[in-house]
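Reviewing the structure listed below.
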Amino acid sequence: MGVLAMIESTLKRNVGFWGLLWASEGSIIGSGWLFGALVAATTAGPSALIGWVLASAIVILLALVHAELAGMFPESGGTSRFPHHAFGNLAGMTFGWASYLQAAATAPIEVLAAIQYLSTTDWGHGLYRASGTLSGSGIVVAVVLMACFVVLNLIGIRWLTRANNAITVWKVAIPVVTIVVLLATHFHASNLTAGGGFFVDGSAVHSILVSLPSGGIVFALLGFEQATQLGGEAKNPGRDLPRAVIASILIGAAIYTLLQFAFIGSLNPALLVSHDWTGLGAGSTDPAIVALNAGPFYAIASVAGLAWLAFLLRLDAVVSPFGSGLIYLTTSSRISHALARNGYVPQHFERTHERTLVPVFGVLFSTAIGLLFLLPFPSWGKLVGIVTSASVLMYAAAPLALGALRKSRPDAPRVYRLPAAGVLAPLAFVCASWIMYWSGWQTLTTLMAAMLVGYALVAVSYALDLNPAAEPIQWRPALWIAPYFAGMLVISYFGGFGPGGIIGGVGVFKHVLADGGNNDLGLVGGLTASAAWSLVIYRLAIALRLPEAVTVPAHAQPAHAPLRTSVQAT
């Protein structure tokens, strides 16, 4: 609902606590539950359960940071506005672009999820390869589905906004039913120690850490910020925003952890006799493993003889991702619309169709960006890494903004105050940096390349004066951004995650800096270096913050504050 309300709202404050909670919960429960449990288990085995607990703790910490800021700045598009308030427009455009990337790349993720489950049908089995990637025909179907998203966005999607509450109830109910049924009827406790044991031999800690960004764990838990995006429309933002943000992640964390537990225990024990956990991933020629990768919970329900549940799972795997992908394309076009209203990117992104009020150019551009992500990352498991990194980069700005605003506006009204913020805010920033580090050299270089595309777009817009709303760039308060990115790249190069060529190691990039992720730092050294560098950047950012006279609280802003207008696109 979060993105849906952004589409049609006129910024009337009529969204209550349950609307805010449902907005975030509907975003948290997405395609992550369909594949996250399998991908995490093939990475870390049953110890993936520890990964879910660890990721939940990190995301809850980030959610608590957002809770204070959301109550302080109850405005739409809050996630990308927080750094703008603390560090000026260069920081705003940087993290606004990261927000745009995660939204644009999520649409193809949802498309991939739908197609992989469709491959479990007799007519769709040729869409998905045993190697874990889409076939040529699968990619064609993905492009066609993305084209459908474009058409539906261009003609308007009011029908979907009206049905969204029912869709969200469905999205939450199906995984809950799956948990209850599998635990009650087909749970095998012996699976927790089978297939090589609870931990993956020889790399237990490393495997758990890899599973957070690359196993789909953090990706599955993302979305709590949707309530903050509706801050400008909340009925009682000071009271309801913090509660909604915190409650949504607690509910989502509980559902996903139980799903992982149910998946591990309900897997056919025979598979774990001939395969260890890492052997259950894509690439196996065993028909049972191929079927498992195409539709994990569907395969389990089918083998268990639960035909009715298998039917519901296959239906959910098409309906939910399709709806989510459609809305995320809508969201990305609205974010680019907001970036244009802020003067960051060409004014073309702001223009809307006279009748439908849809930002046509924004929709087409977002689709092109999504297709670019689809080509080098042709499987669900590979694409979640880049989306997770972009999302966490977007979240990483919040702890910095909180620390800066505690200094520049110590007496500003805060309905919720993060306890021990002097410790928890820098810790949240370190945790966000760790997740990006764990995503690996190939993924992090891809993210940085995508960020350069955003900077190039901004540079062209400024150089050619393509947006009259552009204001002088505030360089000084954002001088910490470039050192932060550069330092993380250097640490990742010498770290032990995601070895291979840059930008996913795809095509011409396969051998470019192919010795990256060489593990020269070792596990402890890499964690220590990334944490230490994050703390240095945290202190630097706080020192460079905007002065108090420039940081205006949202309560004092005019109703037409820049990013709020993004919700008026249609």
Side-chain angles (χ1 to χ4, degrees), residues 31-49 51 109 112-139 178 182 186-188 190-203 207 210-211 214-217 220 259-307 309-310 313-314 317 321 377-385:
S31 68
W33 88 269
L34 298 172
F35 293 99
L38 170 63
V39 177
T42 59
T43 304
S47 66
L49 288 166
I109 278 187
L112 288 171
I115 293 175
Q116 281 189 229
Y117 260 82
L118 282 175
S119 69
T120 62
T121 62
D122 292 336
W123 57 268
H125 67 276
L127 302 176
Y128 176 80
R129 296 193 184 103
S131 61
T133 62
L134 295 180
S135 64
S137 58
I139 292 177
T178 301
L182 292 182
H186 288 82
F187 186 79
H188 310 281
S190 59
N191 283 0
L192 291 169
T193 54
F198 187 80
F199 295 99
V200 174
D201 292 338
S203 58
S207 298
V210 170
S211 71
S214 303
I217 292 180
L259 276 167
Q260 183 71 69
F261 186 63
F263 175 83
I264 292 170
S266 302
L267 199 64
N268 184 359
L271 287 178
L272 298 175
V273 173
S274 53
H275 304 275
D276 61 17
W277 287 100
T278 57
L280 298 181
S284 172
T285 56
D286 185 335
I289 303 299
V290 173
L292 184 68
N293 278 269
F297 282 101
Y298 171 81
I300 287 178
S302 297
V303 171
L306 301 170
L309 180 60
L313 288 168
R314 182 185 278 169
F377 296 96
S379 72
W380 187 91
K382 290 184 178 180
L383 189 51
V384 293

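For clarity, every value in this text was computed on a predicted model and none was experimentally measured.
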- Kindly assign one of parallel, tilted or perpendicular to the pair F261 and F187, based on the angle between their ring planes and the thresholds 30° and 60°. tilted
- Query: Do the side chains of L292 and D286 get nearer than 4.5 Å, heavy atoms only?
  - Reply: no
- Message: To the closest 0.5 Å, what do you measure between CG (L272) and CG (L192)?
- Response: 10.0 Å
- Task: Taking the side chain as every heavy atom from C-beta outward, state whether W277 and F199 have any atom pair closer than 4.5 Å.
- Result: no
- Message: Less than 4.5 Å apart, side chain to side chain, heavy atoms only: is that true for F297 and L182?
- Response: yes
- Message: So, taking the atom named CG in L313 and the one named OH in Y298, what distance separates them when rounded to the nearest 0.5 Å?
- Response: 9.5 Å
- Message: Main chain of G279, side chain of D276: is a donor-acceptor contact present, judged purely on distance under 3.5 Å?
- Response: yes
- Of all heavy-atom pairs between S211 and A40, which one has the smallest distance, and what is that distance? CB-O, 4.3 Å
- Taking every non-hydrogen atom, the tightest pair across A220 and G32: CB-CA, 4.1 Å
- Message: Using modelled atom types and a 3.5 Å cut-off, is there a donor and acceptor pairing between side-chain atoms of N191 and backbone atoms of L267?
- Response: yes
- Non-hydrogen atoms of A310 and S302 that approach each other most closely: CB-OG, 3.7 Å
- Message: On a heavy-atom basis, which atom in A44 and which in S207 lie closest, and how many Å separate them?
- Response: CB-O, 3.8 Å
- Task: Kindly indicate whether the side chain of V290, heavy atoms from C-beta on, has any atom under 4.5 Å from the side chain of T285.
- Result: no
- Query: What's the spacing between H186 NE2 and I300 CD1 if we round to 0.5 Å?
  - Reply: 10.5 Å
- Query: Is a donor on one side and an acceptor on the other found under 3.5 Å between the side chain of S135 and the backbone of L127?
  - Reply: yes
- Note on the structure: In terms of heavy-atom contacts, A37 and Q260 come closest through O-NE2, 3.1 Å
- Message: Is it the case that the side chain of R314 and the backbone of T120 share a donor-acceptor pair, with hydrogens and angles ignored and the cut-off at 3.5 Å?
- Response: yes
- Distance in Å, L34 CG paired with L112 CG, rounded so as to fall on 0.5 Å steps: 12.5 Å
- Note on the structure: In this structure, CG of L38 is separated from CG of L259 (nearest 0.5 Å) by 13.0 Å
- Message: Using 30° and 60° as the class boundaries, would you call the ring planes of Y117 and F35 parallel, tilted or perpendicular?
- Response: perpendicular
- Sub-4.5 Å side-chain heavy-atom contact between H188 and I264: no
- Can you find a heavy atom in the side chain of S214 that is under 4.5 Å from one in the side chain of T43? no
- Message: Keeping S266 on the side-chain end and F263 on the backbone end, is there a donor-acceptor pair under 3.5 Å?
- Response: no
- Give the minimum heavy-atom separation between V200 and T278, together with the two atoms involved. CG1-CG2, 4.2 Å
